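Below is one structure; the comments refer to it alone.
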Amino acid sequence: MHDAAASRRPAPVLLALGYLAFVSLGLPDAVPGVAWPSVRDAFDLPQAALGAAIAAGAVASFLSGMVAGRLVDRLGIGALLAASTALAALGVAGFAAAPAFVVFLLAATIVGFGSGAVDAGLNAYAAHHFPARHMTWLHAAYSVGAAIGPALMTAVLARGASWRAGYAVIAATLALLAAAYTAARHRWAADAPRDAAVAEAAAPPPLAGGASALLRRPRLWLQLALFVVYAGLEVVAGQWSYTVLVEARGATAETAGALVTLYWSSLLAGRVLLGFVVERIGPVRLLRLGTLGAVCGAALVALPTAPLAVAAAGLATLGFSIAPIFPALMGETPRRIGRDVATHAVGFQISSATLGVALLPAVAGVLGQRLGLDAIPIFVVVCALLFLALHETLVAVADR
C-alpha cells in the first residue's frame, strides 16, 4: 500500500495541510492536564473527575472515527477536515465558557467528535497517498501540537489569567485553522493521485470471513492489548503529571507546566528521529529499547522525595522512549497479523488505543483519589512493565 503511494510524490500543499492538521489535532489534547487543578477548583470536583472528562472525549472520538470513512466518501477529506476542526474549535470554546462541569463534559464530547473524524480520515488518506516516512512524521506533527497546547495554557496561567482565557486562545487558533482548511478544501481532490494502478494497489484487500474471522486470530488480541496499555500510559503520564507535580511535589505552576511541555517535546523528538533510524535498528529491537527506557523514566518520576530535576529527567526519558512505540506497532501489523487483514486490523487497533485513553486515565484518577497522587506515577510504572510483558509474549508467539 505504501509502496504504491510512494510512487508519486505528494503535492507540497497537501503535505503542508496534512502536517498542519496533525498539529491542530494535538493542540487541545494535552491541555486538560495543565488546566485541571484550576478547572477542578472552579467546579469543586474530586481528582477522579479528570478521568470522566478524558473518557467523554475518547468515547466521542471512537464513535466519530467509526463513521469517518462514510463522511470522507460523502464530503471529501478537505471538507471533513474543515468541518471537524471547526467542531473542535467550538468544543474548546465550550471549555472556556462552561458554567458547570456537565457543560465542560459536553464540550469534551464535541471536541472528541471533531478530532476523531479528522484523525481517522487523515490517517486513511495518508496511508493511501503519502510515503511511509511521512506517516511517521505526521505523528511527530501531532506531538508538536501536544507540546504547544500545554505551553500556551501555562503561559496564560503564569500571567495570572484564568484557565478560561487559555482555552479561549486555543479555540481562536483552531478557528483560524478551520478557516484555512475551508479555503483549501478543494486542493485535496485536485492534487490526489489519479493513476489507476496506484488507486488499485492502495485499496484495502477484501476480508474473507468478515470481522469474526479476524478476531479469531490470537495474535490480534495481544496486539490490541498492547494498544490499550500504550495509549493509556501515554495519556496518564501527559495528563496527570502536572497535578502530581503541583499538588504532591510542591512545584510551581510554571515549573510543572514546563515539565509537561518537556514530556510532549521529548515525544516529538523521538518520533522525528524514528523516521531516520527505525530501518537500521529494526522495529522489534526499537520497541524493546523504548519499553525498557519507558520503565526507567517512569521509575524516576515515581520517586516521591527526589528533586524535581529527577522528575524532569524521568519525564524526558519517558516521553522519548515511548515515542516510537505507536508507529512501530502499526508498522509490524502486516507481518504479525497478516497482510490480507492488515488494513482491518489497524482499525481495531485504533479503537483499542481509544479505549486505553478512556479507561486508564480514569483508573489513575481513582487511584490518586483513594491512595494519594503519588500512586499515579507508580501506576505508570506498572503500565510500562505490563506493556513489556505483553510485547515479549507477542514476539514469542508471532516470531517463533
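Note that the coordinates shown come from a computational prediction; the quantities given were computed from them, not determined experimentally.
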(message) Using a 3.5 Å distance criterion without hydrogens, assess whether the side chain of R271 forms a donor-acceptor pair with backbone atoms of L267.
(response) no
(request) Check whether I148 and V272 end up in the same hydrophobic cluster, where Ile, Leu, Val, Met, Phe, Trp and Tyr are linked by side-chain heavy atoms less than 4.5 Å apart. (result) yes
(message) Does the plane of the ring in F227 sit parallel, tilted or perpendicular to the ring in F326? Use 30° and 60° as the thresholds.
(response) perpendicular
(request) Would you kindly confirm whether V363 and L226 end up in one hydrophobic cluster when ILVMFWY residues are joined by side chain heavy atoms under 4.5 Å apart? (result) yes
(request) Quick one: closest heavy-atom pair of T354 and A58, and the distance? (result) CG2-O, 3.0 Å
(request) State whether the side chain of S241 and the backbone N or O of G238 hold a donor-acceptor pair below 3.5 Å, judged by distance alone. (result) no
(message) Side chains of V23 and Y19, heavy atoms from C-beta outward: is any pair under 4.5 Å?
(response) no
(request) Could you tell me whether the side chain of V244 reaches within less than 4.5 Å of the side chain of P377, counting heavy atoms only? (result) yes
(request) May I ask whether L176 and F95 are part of the same hydrophobic cluster, defined by side-chain heavy atoms of I, L, V, M, F, W, Y residues being less than 4.5 angstrom apart, directly or through others? (result) no
(request) Indicate yes or no for a side-chain donor-acceptor contact from T182 to the backbone of A178 under 3.5 Å, with no hydrogens or angles considered. (result) yes
(message) For the CG atom of L15 and the CG atom of L20, what is their distance to the nearest 0.5 Å?
(response) 12.5 Å
(message) Would E234 and Y230 count as a side chain to side chain contact (heavy atoms under 4.5 Å, CB included) here? Give the steps.
(response) CA-CA 6 Å; E234 177 188 312; Y230 167 75; 2.4 Å; yes
(message) Could you check whether any side-chain N or O of W36 sits under 3.5 Å from a backbone N or O of T243, counting only pairs where one atom can act as donor and the other as acceptor?
(response) no
(request) Measure the CG-CD distance between L222 and E392 for me, rounded to the nearest 0.5 Å. (result) 12.0 Å
(message) To the closest 0.5 Å, what do you measure between CG (L224) and OG (S352)?
(response) 4.0 Å
(request) Evaluate side chain to side chain contact (heavy atoms under 4.5 Å, CB included) for L371 paired with V366, printing each intermediate quantity in order. (result) CA-CA 8 Å; L371 304 178; V366 172; over 6 Å; no
(message) Nearest 0.5 angstrom please: S24 OG to L17 CG, how far?
(response) 10.5 Å
(message) Measuring only between side-chain heavy atoms, which start at C-beta, is V380 closer than 4.5 Å to V301?
(response) no
(request) Please report the shortest heavy-atom distance between L25 and S115, naming the atom on each side. (result) CD2-O, 3.5 Å
(request) Provide the closest heavy-atom pair for I110 versus L87 in the form atom of the first, atom of the second, distance. (result) CG2-O, 3.3 Å
(request) Give a yes or no on whether the backbone of L157 and the side-chain of E254 come within a donor-acceptor separation of less than 3.5 Å. (result) no
(message) With side chain to side chain contact (heavy atoms under 4.5 Å, CB included) as the criterion, how do L245 and L315 come out once you've worked through the C-alpha distance, each side chain's angles and the decisive distance to 0.1 Å?
(response) CA-CA 11 Å; L245 291 169; L315 285 171; 4.2 Å; yes
(message) Could you check whether any side-chain heavy atom of Y263 comes within less than 4.5 Å of a side-chain heavy atom of I322, counting everything from C-beta outward?
(response) yes
(message) Are P361 and Q239 packed together at the side-chain level, in the sense that at least one heavy-atom pair is separated by less than 4.5 angstrom?
(response) no
(message) Test your reading of the model: is there a side-chain donor-acceptor pair from R164 to the backbone of A96, 3.5 Å cut-off?
(response) yes
(message) So, taking the atom named CG in D374 and the one named CZ in R249, what distance separates them when rounded to the nearest 0.5 Å?
(response) 4.5 Å
(message) Show the nearest heavy-atom pair for residues A269 and F320, with the distance to one decimal.
(response) C-CE1, 4.1 Å
(request) Would you mind reporting whether T109 and V59 have side-chain heavy atoms less than 4.5 Å apart? (result) no
(message) For a quick test of reading the model, state the closest non-hydrogen atom pair linking V34 to M153 and the distance between them.
(response) CG1-CG, 3.8 Å
(message) Are L394 and L385 connected into the same hydrophobic cluster when the rule is that any two of I, L, V, M, F, W, Y join if their side-chain heavy atoms are below 4.5 Å apart?
(response) no
(message) Taking E247 first and then R40, would you say they form a salt bridge - that is, a charged N and a carboxylate O separated by under 4.0 Å?
(response) yes
(request) Please state whether the rings of F101 and F43 are parallel, tilted or perpendicular, taking 30° and 60° as the class boundaries. (result) tilted
(request) Please state whether the rings of H391 and F387 are parallel, tilted or perpendicular, taking 30° and 60° as the class boundaries. (result) parallel
(message) For T291, run the side-chain contact (heavy atoms from CB on, under 4.5 Å) check against L388, L390, L286 and tell me which one passes.
(response) L388
(request) Starting at CG of L360, measure out to CG of L355 and round the result to the nearest 0.5 Å. (result) 8.5 Å
(message) Looking at every non-hydrogen atom in both residues, tell me the closest pair between A89 and A175 and how far apart they are.
(response) CB-N, 3.7 Å
(message) Is any side-chain heavy atom of V236 closer than 4.5 Å to one of I376?
(response) yes
(message) Looking at T252 and T255, would you say the former's side chain and the latter's main chain have a donor-acceptor pair under 3.5 Å?
(response) yes
(request) Please examine the side chains of I325 and L329, heavy atoms only from C-beta on, and report whether any two atoms are closer than 4.5 Å. (result) yes
(request) Would you sort out whether Y142 and F22 count as a ring pair (Phe, Tyr, Trp, His ring centres under 6.0 Å), showing the intermediate values? (result) CA-CA 5 Å; Y142 171 89; F22 268 82; 7.3 Å; no
(message) Would a single hydrophobic cluster contain both V229 and V381, if residues Ile, Leu, Val, Met, Phe, Trp and Tyr are joined by side-chain heavy-atom contacts under 4.5 Å?
(response) no
